[in-house]
Chemist: 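For reference, the structure I am asking about is given below.
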Amino acid sequence: MSKEKKLAESTTFTDEMKTDIRKKKLWPYGEANKVLKRHDYNTDHIYTFETGFGPSGFPHIGTFGEIVRTEFIINGLKDAGFKTKLIAFSDDLDGLRKVPEGMPEWLKEHLGKPVSAIPDPYGECSSFSEHMNSKLRKLLEWMGIEYQFKTSKECYENGDFDEAIKILLSNYKMLEKIIAPTLSKETLENWYPFFPLCEKCGSVLTTVVKEVNLEDYTVRYACTKTHGEVQGCGYEGWQTALGGHGKMTWRVDWPMRWYALGVDYELYGKDLIESFKIGKRIMNQIFRTKEPENMFYEMFLDENGAKISKSKGKGLTVEEWLKYGTIESLYLLMYRRPRKAKELSFNIIPSYVDDVTSLSANYHSNSHPEEHDFNFITRFQGKEKTFPGISYMLICNLMTALKSDDKKLIKNYLSKQKELTEEDIESDFLNDMIEKASRYYHDFVTAKKPEFELSNEDIFLMGQFVGLLYTELTSEEIHNAVYTIARDNGRNPRDFFKIIYLVFIGQDRGPRVGTFVKMIGQEKTIEIVSNAIKSFLSAESV
RNA sequence: GGGCCGUUAACUCAGUCGGUAGAGUAUCUGCCUUUUAAGCAGAGAGUCGCUGGUUCGAGCCCAGCACGGCCCGCCA
């Protein structure tokens, strides 16, 4: 009885959800609809997404982008009431081909071994790949992304892939037919879809299969191949192809994962388009099932338009972006046009931060906020997020003009120029933004603070100036006082301004003196100047 | 040889169901009696790569073309 009722409810719900999400056009919804259609909008199915990661180097911004972009689609599904799962898969059985730049030379003796069998060069984790995995996981956890972590090693060893391996090896001829067109003649001669792990030297890159027994899925192999700098040790023996004693070759490994893990969707970089096509054929012809729904994304490029690579370690990192930009700005970077190559450099960060602010305003005044970019870049927390309309670039400019990144000062200035509530001024968002703009200002805008000296006459002038401040003045009066004092003492006003700025903020330039003094308050100004002069005098007398 | 992406103001880029083309920077004008990657107010600036198609209506959808860039054609 209750079961029937439940079913009826669930069906009605499904129809509503179908029509609702089908109408939506933003790219993550487009992808969501592809994957929903695959299971006829079934609300009980757990829609499974995979992202791949090669732990032979540090995770770069592209790896991170793949996960975030996948999460956009997942969040669209979740928001519509569907169940999802994200598998972050680390291929830690991949053999190390060369010592990555900046890593110790002793790694050379481990070339050819799976990265999970190589010690951590930084001595922090149980293996090379563990180190890379932990870097990625730390980031994902910090961001609160829900995912299931799987590694190649554990899946092979658990036997999760055994059934798939049996199917692949039993269909060797068909497999060869699919792969052959992509291989050179020489490679094809000794080609076999399985690389045993050499029992003697531990290499996975140098073994060649000589004979196969399909009764028990064992292979006879010889460790005789040369792969780049790695040479086989010459060992020969029998080995089972199951249970993690080797791995399938790359183009075969990928579809095998789709099959074994039930992957419904995967994003991949443009460089893997050809590999995906092979994987698709393997899925269709050997596993006799449909390949995952999918989309490829464009590469991130460095400032010179070159592809960012793991081995070279170039390009902007996620950490670097977050040092200067808000988390939402990074999400926006990933959200916008995944299929357009983007050149990454520090100077694009301010505009992304400010775009988030305008998107926020747009979202909160929009007639149909239910389908809005802002939902994705806030991970569907848009309603709770209102960003005060303060420009990051304005803050940078203010800091430059004021030659100071003092938070209170900046806030004070902002509150004079813009209409901001007390809440806005004290918001975490503004604090965060000022801190980030401050770093940007320090690292990209400012120069070193010049050292300066004051003559007795300079100090005398400052004394006169401060003396006036005991009376309440307007900003104009203060400003004019600078001229008056300078002229009365036969000094160039320009020089006096310079002295004032040096005493105020240690720079020879700054904002308009009158407004600046009013901003920090006359009393406070007196205090700052008096202290500065005192400390200068005491330093002088030593 | 195969495939993909891009082309919107001088520059960098947005463009949310197909409904009068947007921002920042730069330029020009005015204002603030030093200066700054200043600030404020305003202005000019685009046949949305080209050609055709669908539509009452196209930057957006479809086809073809041109130019630019990238990936694959080693290995994983």
Side-chain angles (χ1 to χ4, degrees), chain A residues 22-27 29 52 54 56 91 93-98 114-115 181-184 186-187 195 204-205 225 227-228 230 247-254 268-278 295-301 305-307 332 335-343 345 347-348 350-352 354-355 357-359 362-363 366-376 391-394 396-403 413 416-417 441 444-447 475-476 479-480 482-483 486 492-498 500-501 507-515:
Chain A
R22 270 179 182 167
K23 280 189 218 156
K24 300 186 174 179
K25 305 278 187 191
L26 300 180
W27 76 260
Y29 285 124
S56 47
D91 184 11
L93 283 186
D94 193 27
L96 190 67
R97 265 162 228 92
K98 55 184 173 187
V115 280
T182 70
L183 299 176
S184 63
E186 303 81 62
T187 315
F195 283 150
V204 76
L205 291 177
K225 209 164 58 175
H227 187 108
V230 196
K247 64 172 301 199
M248 303 305 285
T249 60
W250 154 247
R251 284 187 177 80
V252 179
D253 193 69
W254 201 15
Y268 53 93
K270 187 165 84 163
D271 51 337
L272 296 183
I273 290 174
E274 296 304 315
S275 295
F276 189 92
K277 285 182 185 167
I278 308 253
M295 181 178 94
F296 64 84
Y297 53 86
E298 262 283 1
M299 305 279 106
F300 283 113
L301 310 173
K307 181 182 158 185
L332 182 60
Y335 178 79
R336 259 186 198 154
R337 299 219 265 182
R339 303 234 280 203
K340 177 170 176 169
K342 294 188 177 74
E343 290 182 13
S345 68
N347 53 28
I348 67 170
S351 67
Y352 274 89
D354 286 343
D355 282 358
T357 304
S358 36
L359 273 173
N362 184 303
Y363 171 84
N366 200 279
S367 51
H368 44 94
E370 66 285 350
E371 184 176 7
H372 197 286
D373 301 334
F374 195 62
N375 286 322
F376 288 99
S391 155
Y392 184 94
M393 283 193 267
L394 173 69
C396 282
N397 284 332
L398 262 177
M399 288 175 177
T400 313
L402 297 173
K403 291 286 184 281
Y413 200 92
K416 299 236 159 141
Q417 297 245 325
Y441 158 72
F444 302 108
V445 182
T446 193
S475 60
E476 282 93 329
H479 195 77
N480 287 331
V482 179
Y483 288 91
N492 186 337
R494 176 187 287 258
D495 292 339
F496 189 33
F497 273 112
K498 195 170 170 180
I500 291 171
Y501 289 123
Q507 300 288 314
D508 60 2
R509 286 165 181 173
R512 190 165 292 281
V513 167
T515 43

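First the proteins, then the strands, lettered A, B, ... as listed; each starts at 1.
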Chemist: Can you tell me the pairing partner of B/rU12 across any strand shown, Watson-Crick or G-U wobble, with both distances under 3.5 angstrom?
Modeler: B/rA23

Chemist: Would you say A/Lys340 reaches B/rC70's phosphate, i.e. side-chain N/O to OP1/OP2 under 4.0 Å?
Modeler: no

Chemist: What is the separation between atom CG on A/Leu272 and atom P on B/rG73, rounded to the nearest whole Å?
Modeler: 10 Å

Chemist: Rounding to an integer number of Å, can you tell me how far A/Phe300 CZ sits from B/rC70 C1'?
Modeler: 15 Å

Chemist: Picking from B/rA14, B/rC75, B/rC71, which would you name as closest to the side chain of A/Asp271?
Modeler: B/rC71

Chemist: How would you label the contact of A/Ile348 with the nucleic acid (heavy atoms, under 4.0 Å): base, sugar-phosphate, or nothing?
Modeler: nothing

Chemist: Write down the distance between CD1 (A/Ile278) and P (B/rG73), rounded to a whole number of angstrom.
Modeler: 10 Å

Chemist: Could you please name the partner base of B/rU47, counting Watson-Crick and G-U wobble pairs only when both distances are under 3.5 Å?
Modeler: none

Chemist: Give the rounded distance in Å between these two atoms: CE of A/Met295 and P of B/rC5.
Modeler: 11 Å

Chemist: Classify the nucleic acid contact of A/Asp373 as base, sugar-phosphate or nothing, counting any heavy atom under 4.0 Å across all strands shown.
Modeler: nothing

Chemist: Taking atom P of B/rC4 as reference, at what distance in whole Å does atom CZ of A/Phe276 sit?
Modeler: 14 Å

Chemist: Quick one: A/Asp355 CG to B/rU25 P, roughly how many Å, whole number?
Modeler: 13 Å

Chemist: Should the pair A/Tyr268 and A/Phe296 be assigned to parallel (<30°), tilted (30 to 60°) or perpendicular (>60°) ring geometry?
Modeler: tilted

Chemist: State which of B/rG2, B/rC75, B/rG69 makes the closest approach to the side chain of A/Arg251.
Modeler: B/rC75

Chemist: Would you kindly give the CD1-to-P distance between A/Ile273 and B/rA76, to the nearest whole Å?
Modeler: 19 Å

Chemist: What's the closest nucleotide to the A/Phe296 side chain, out of B/rG15, B/rC4, B/rC75?
Modeler: B/rC4

Chemist: Of all the choices, B/rA76, B/rA14, B/rG2, which nucleotide is nearest to the side chain of A/Arg97 once you look at every atom?
Modeler: B/rA76

Chemist: So what's B/rA58 paired with, Watson-Crick or G-U wobble, going by both distances under 3.5 Å?
Modeler: none

Chemist: When you compare the side chains of A/Ser275 and A/Trp254, does any donor N or O come within less than 3.5 Å of an acceptor on the partner?
Modeler: no

Chemist: Nearest to the A/Lys270 side chain among B/rA14, B/rC70, B/rU16, which nucleotide is it?
Modeler: B/rC70

Chemist: Work out how far the C1' atom of B/rC40 is from that of B/rC13, and round it to whole angstrom.
Modeler: 26 Å

Chemist: Check the distance between B/rC72's P and A/Trp250's CH2 and give it to me in whole angstrom.
Modeler: 13 Å

Chemist: For A/Trp250 and A/Asp94, indicate whether the former's side chain and the latter's backbone hold a donor-acceptor pair under 3.5 Å.
Modeler: no

Chemist: Given the P atoms of B/rG22 and B/rC62, what is the spacing between them in whole Å?
Modeler: 25 Å

Chemist: Look at the side chain of A/Phe195 and decide which nucleotide, out of B/rG6, B/rA76, B/rC5, has an atom nearest to it.
Modeler: B/rA76

Chemist: Measuring centre to centre across the rings, with the benzene-like ring taken for any Trp, is A/Phe374 within less than 6.0 Å of A/Tyr335?
Modeler: no

